[in-house]
2 protein chains.
Amino acid sequence: MKQQEVFKALADPTRRAILKRLQGGALTAGEIGEAFDITPASLSHHFAVLKHADLVRTERQGQFIVYSLNSTVMEDLTRMVLDLFPSKGSQGGKR
Amino acid sequence: MKQQEVFKALADPTRRAILKRLQGGALTAGEIGEAFDITPASLSHHFAVLKHADLVRTERQGQFIVYSLNSTVMEDLTRMVLDLFPSKGSQGGKR
DNA sequence: GTTATATTTAGAGATTTGTCTAAATATCTA
DNA sequence: TAGATATTTAGACAAATCTCTAAATATAAC
């Protein structure tokens, strides 16, 4: 997993909101876009970043492109976060 | 907790490395800097971002300024990440 | 008080990022 | 095939970000 891509992808509030929107299940690009005051082109850029980080999956269905969360990344992400902080009780104290 | 500040702070690899360095316990700015090929000024900028996100704490000790992880944020951060993804088994299926 | 060490602040410059408009691609429907 | 809809790609621009050098601040040691 590309740690850097994932953290970068999560750094933008619009992208985090996109992920949250997908929690309820897969949506087309257009359906996702309804919630944002942003052009389809800009939205598409965010999709590209999320895809590059492997946080979402896509599937074409006729005219539409359907986005869904890549839930397997969740585990990795949690691990990455946990890895950033010492486990409880193991932290170095005062010097 | 300022979610946006936290995610932004974590988006930079140098800052994540700083956090990892602090896992072993508190360190002075100079000690942290030894590991990076970067000027003290740039490092100080990263410290400011981490502090602003409340990810680290500081304490002056004479000439030195000692940085340590703010471990209480860990819990919040994990919650933020978990919140971004549906809990296992609850994810919406195909449409 | 002067000098040295540790760190931050200020300001500048190059790169990256998020947004837009315009144009391109893909699919559907008639 | 032609026209409509859905989405992406290309290119431009402003704002944010990371880095640097130079200067400022704070403490320590003499």
Side-chain angles (χ1 to χ4, degrees), chain A residues 2-22 25-70 84 94-95, chain B residues 2-22 25-70 84 94-95:
Chain A
K2 314 160 206 158
Q3 181 160 331
Q4 178 57 24
E5 314 302 328
V6 173
F7 278 115
K8 257 192 183 161
L10 296 179
D12 183 87
T14 298
R15 288 193 289 268
R16 291 200 303 279
I18 290 171
L19 293 176
K20 292 213 77 173
R21 269 222 111 191
L22 289 175
L27 293 172
T28 68
E31 287 168 337
I32 296 170
E34 287 167 15
F36 302 97
D37 191 18
I38 199 181
T39 65
S42 298
L43 216 22
S44 188
H45 155 71
H46 287 305
F47 292 149
V49 174
L50 290 169
K51 256 184 98 169
H52 190 228
D54 204 30
L55 287 166
V56 300
R57 291 272 163 75
T58 65
E59 180 195 351
R60 178 175 278 278
Q61 280 184 16
Q63 250 173 317
F64 305 91
I65 295 186
V66 178
Y67 283 87
S68 56
L69 285 181
N70 179 359
L84 230 36
K94 304 216 164 172
R95 44 184 9 249
Chain B
K2 313 159 205 161
Q3 181 159 330
Q4 178 57 22
E5 314 301 329
V6 172
F7 278 115
K8 256 193 182 159
L10 295 178
D12 183 88
T14 299
R15 286 193 289 268
R16 291 200 303 279
I18 290 173
L19 293 176
K20 293 213 75 171
R21 272 221 106 193
L22 288 176
L27 293 172
T28 68
E31 286 168 338
I32 296 170
E34 286 167 15
F36 303 97
D37 192 17
I38 200 183
T39 64
S42 299
L43 215 23
S44 188
H45 154 72
H46 288 304
F47 292 148
V49 175
L50 289 170
K51 257 184 95 170
H52 189 227
D54 204 30
L55 287 165
V56 300
R57 290 273 163 77
T58 64
E59 180 194 352
R60 179 173 279 277
Q61 279 185 15
Q63 251 174 317
F64 307 92
I65 294 186
V66 179
Y67 282 87
S68 55
L69 286 181
N70 179 0
L84 231 37
K94 303 216 166 172
R95 45 182 13 244

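All values below were derived from every heavy atom in this structure, side-chain atoms included, with hydrogens, water molecules and symmetry-related copies excluded. Note on naming: letters A, B, ... go to the chains in the order of the sequence lines (proteins, then strands), and numbering restarts at 1 for each one.
- Relative to the side chain of A/Thr39, the nucleotides D/dT7, D/dT19, C/dT21 differ in distance, and C/dT21 lies closest.
- Look at A/Arg15 and you'll find a side-chain N or O under 4.0 angstrom from OP1 or OP2 of C/dG18.
- Among the nucleotides C/dT7, C/dG18, D/dC18, the one closest to any side-chain atom of A/His46 is C/dG18.
- The NE2-C1' distance, from B/His45 to C/dT15, rounds to 13 Å in whole Å.
- Along DNA chain D, the nucleotide nearest to B/Gly62 and the one nearest to B/Val49 differ in position, and the one closer to the 5' end is contacted by B/Val49.
- At whole-Å resolution of the value, NZ in B/Lys8 and C1' in C/dT16 are 13 Å apart.
- Side-chain contact between B/Ile18 and B/Tyr67 is absent, with no heavy-atom pair separated by less than 4.5 Å.
- Looking at the side chain of B/Pro40, the nearest of the listed nucleotides C/dT7, D/dC18, C/dT19 is C/dT7.
- Rounded to whole angstrom, the span from the CZ atom of B/Phe47 across to the P atom of D/dC18 amounts to 14 Å.
- The closest donor-acceptor contact from the side chain of B/Lys2 to the backbone of B/His52 lies under 3.5 Å.
- Nearest-nucleotide positions on DNA chain C place B/Ala48 closer to the 5' end than the other of B/Ala48 and A/Ile38.
- Counting only distance, with no hydrogens or angles, the side chain of A/Gln4 and the backbone of B/Ala11 share a donor-acceptor pair below 3.5 Å.
- Separating the CD1 atom of A/Ile65 from the P atom of C/dC28 is a distance of 12 Å, rounded to the nearest angstrom.
- Here A/Ala41 lies in heavy-atom contact (under 4.0 Å) with a base.
- Among the nucleotides C/dT7, C/dT19, D/dT19, the one closest to the side chain of B/Ser42 is D/dT19.
- Checking C/dT9, C/dT19, D/dT27 against the side-chain heavy atoms of B/Arg60 singles out D/dT27 as nearest.
- A heavy-atom distance below 4.5 Å is not found between the side chains of B/Val56 and B/Asn70.
- Note on B/Leu43: nothing from the nucleic acid sits closer than 4.0 angstrom, heavy atoms only.
- B/Lys51 has its NZ atom 11 Å from the C1' atom of C/dT7, to the nearest Å.
- Residue B/Arg16 contributes atom CZ, which lies 11 Å from atom P of D/dC18 at whole-angstrom precision.
- Between B/Asp12 atom CG and C/dT15 atom P the separation is 17 Å, expressed in whole Å.
- Atoms CZ (A/Phe64) and P (C/dC28) sit 9 Å apart, rounded to a whole Å.
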Where do A/Phe47 and A/Ile65 land on the side-chain contact (heavy atoms from CB on, under 4.5 Å) test, with the steps shown first?
CA-CA 11 Å; A/Phe47 292 149; A/Ile65 295 186; over 6 Å; no
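- Considering only side-chain atoms of A/Gln63, the nucleotide from D/dT8, C/dC20, D/dT5 that sits closest is D/dT5.
- Residue A/Tyr67 places none of its side-chain N or O atoms closer than 4.0 Å to OP1 or OP2 of D/dA6.
- Within the 4.5 Å cutoff, the side chain of A/Leu55 has no heavy atoms near those of the A/Arg15 side chain.
- Looking at heavy-atom distances under 4.0 Å, A/Phe36 makes no contact with the nucleic acid at all.
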